[in-house]
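Structure first, commentary second.
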2 protein chains.
Amino acid sequence: MPLERRPDRKIGIKDVSREAGVALSTVSHVLNGTAPISQEVRVRVLEAARKLGYLAKRQRKGAIASLSTLYLAVPPGNLPHNDINLVSWTLLTALSRECERRGIRIVAHSGAPQLNATEILAGARAAEAEAIAVVFDDNPKLLKGLAGSDIAVVLLNGEDPTMSIDTVAPANRYGARLATEWLLANGHRRILHLTWRGRSTIMRRLDGFHDAYLQRDLSTDLGEVLCAKGYEPEHAREALRAFVAERGGLDGFTAVFCAADNLAIGALTELQALGFRIPADIAVVGFDGVAPGDLTQPSLTTVRVPLDALAAATIQALEQRLSGAGRDQPAARIELGCRLIERESGGSSIVG
Amino acid sequence: MPLERRPDRKIGIKDVSREAGVALSTVSHVLNGTAPISQEVRVRVLEAARKLGYLAKRQRKGAIASLSTLYLAVPPGNLPHNDINLVSWTLLTALSRECERRGIRIVAHSGAPQLNATEILAGARAAEAEAIAVVFDDNPKLLKGLAGSDIAVVLLNGEDPTMSIDTVAPANRYGARLATEWLLANGHRRILHLTWRGRSTIMRRLDGFHDAYLQRDLSTDLGEVLCAKGYEPEHAREALRAFVAERGGLDGFTAVFCAADNLAIGALTELQALGFRIPADIAVVGFDGVAPGDLTQPSLTTVRVPLDALAAATIQALEQRLSGAGRDQPAARIELGCRLIERESGGSSIVG
DNA sequence: CTGAAAGCGCTTACAG
DNA sequence: CTGAAAGCGCTTACAG
């Protein structure tokens, strides 16, 4: 059995003082700013406190009080039978883990198929929850109905244009820009953005696609947008089949950037079925990064959404609202950065 | 002298227990989740703790350790001789106040007119600062240069498309959408968006202008964008003078939504000089909300940016990075909601 | 900045 | 859930 540092083996300032090689009182002074301590010692102490997890523990303690039960409202039909729902499912798993870690009980909402503010609030009250997380839904009526209540509410993975409730989401626009910029940097000029008429968060990926062209002073006409009829792989296949048939080939496009891995999976299948080599003839890049890399042949280059960090940020946002420091504060929208995962389907990078 | 509650008169759980009318031990159990307490009592205790500022104090204590000196890098030329720079100035004032409140020392960067990562990092090290706030600048080279360092960095009021450093900014897109939506709800259909080729954050206001039309399924062609040559009131006057001359009048437009109060001030002056009544002939709405309402005649309806909250969020973002809980976490972009301040120039609202 | 010491505030275990 | 009590961890004041 490996000698892992147990998560909370009562680490105190005594441990920190030993680790930093300073007196107990010095640690206290550094942590509270109660005496002038040289920068050199300060840094050493803080480094030790951070390393031992003492700073994190202390910070956690400040927040832990207010949230004991979280009421979770998810639109029905988010079971993992395709990639999009795999995203949902994985995000919910991350949220559960985070709650477990912090000793927060989760109660799931069950009501009418269409989420409804009154029902959700009633359910949350019945469950004696201090906070509500609404996931994957941005029905304005729903959000407006929730905003007025005394229970803290956060929207996860959605968009509230009225900015009446706090929101946590991946940085869709910047992530899409990142992927497109990477393709442009690797010499691609004609990139096809395969998307669908989804929720507004998906539209932000389209914005980012255009941003990348604009930033290089390239005409956005070089890139084209292809709208599939939905987000299933089959929709991607259909759209690309029609595209290739109509244009009599790839029409000069050398890359497809898909607004979701789910579409990318369909794109890989269809393009290969049509006889194109990936990435030699055409590169394919996805968005989400939830499915394992070896799920596809070739493996999928994609933009990974930081699910664990999203879950943590969700709880943190709620706890801050509940702590009272944040009442009467304007609603916050928190977007977390996404990373490009370079695998095979995007081709190898010529940039540093 | 009013009997104000002094900010930190040693409020402890004893005070909370008295306020909530429960035992000392019960308060402790509620705050730490160490015993099952009825929801009713929990709520009463937390409410008391929040009211007395104990929750906030406890949370503050968790964060306070790591940041003692903040290094502030502002591009030169942000003195308040016009509204845009009044925004800068007021935001910096809010940041100073927030730092003072928390006992954080601010050291201002002074270097070459063009901010430069190497210089800023050297300056921050010399000042023994744990964190750097870059304000109003989104030169990608600068941000990239700062991202790699061991010092915590936050960008205030800017945009980092690479998402390599944390950013705090107003929700420009949603704020602009809010104002435009308000005008549309009040019956305006042809709205002129007066802007200039500014930083990307200003372009987000343009995005929001379009969003409002799209959301109502109105053609974005109903709205038009008029680009002034800069953000001074005089630029607004010039642009509107040319517009009216060219179109032989207001050309059916009934509202001007300006991307900054500074432009709105020029718009009010020019439109009135041309003989139009505000808001009867044409409504004018601004963006920023920093200048006093009675600065203009008529007073300016505008979107107010939450400066104090931005300052607080900036410090909080830095402290979280420094606490170690947030290392290796993806960069966060935090946008705070803006509110519409209804005064005279926008006309009176017919919506609830 | 150290180190021993006093003190304070919070936690915890327990009988009621 | 209360209330008295023991204990623990951190803070604080001070001589060196």
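Just so you know, these numbers use all the heavy atoms, side chains as well, and skip hydrogens, waters and symmetry mates. Every chain is numbered from 1 and lettered A, B, ... according to where its sequence line falls, protein lines coming before strand lines. Keep in mind it's a predicted model, so treat the numbers as computed, not measured.
Using modelled atom types, one finds a donor on one side chain and an acceptor on the other under 3.5 Å when comparing A:Gln316 with B:Gln320. Checking A:Glu159 against B:Tyr174 by side-chain atom types alone, a donor-acceptor pair falls below 3.5 Å. B:Glu130 and B:Ser68 are linked by a side-chain donor-acceptor pair at a separation below 3.5 angstrom, with hydrogens and angles left out of the test.
Minimum atom distance to the side chain of B:Val22 is reached by D:dT2, of the listed D:dT12, C:dT12, D:dT2. With C:dT2, D:dT11, C:dC10 as the candidates, the nucleotide lying closest to the side chain of B:Tyr54 is C:dC10. Nearest to the side chain of A:Arg58, among D:dT11, D:dC1, C:dG3, sits D:dT11.
When heavy atoms are screened at a 4.0 angstrom cut-off, A:Val27 is found touching no nucleic acid atom at all. Residue A:Ser38 is classed as a sugar-phosphate contact, given heavy-atom separations below 4.0 Å to backbone atoms only. As judged by a 4.0 angstrom heavy-atom cut-off over every strand, B:Ser25 is placed among the base-contacting residues.
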5'-to-3' dot-bracket of DNA chain C (Watson-Crick, G-U; under 3.5 angstrom; crossing pairs as [ ]; | other strand): |||.||||||||.|||
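For B:Arg18 and D:dG3, the CZ to C1' distance is 16 Å, given to the nearest whole Å. If you take CG of A:Leu24 and P of C:dA5, they are 14 Å apart, rounded to a whole angstrom.
Every residue two or more places apart in sequence or in another chain that forms a side chain to side chain donor-acceptor pair (under 3.5 Å) with B:Asp308 is listed here: B:Arg97.
Distances shown here put a side-chain N or O of B:Thr26 below 4.0 Å from the OP1 or OP2 atom of D:dT2.
Looking at A:Arg304, its side chain never comes within 3.5 Å of a backbone N or O of A:Arg339 through a donor-acceptor pair.
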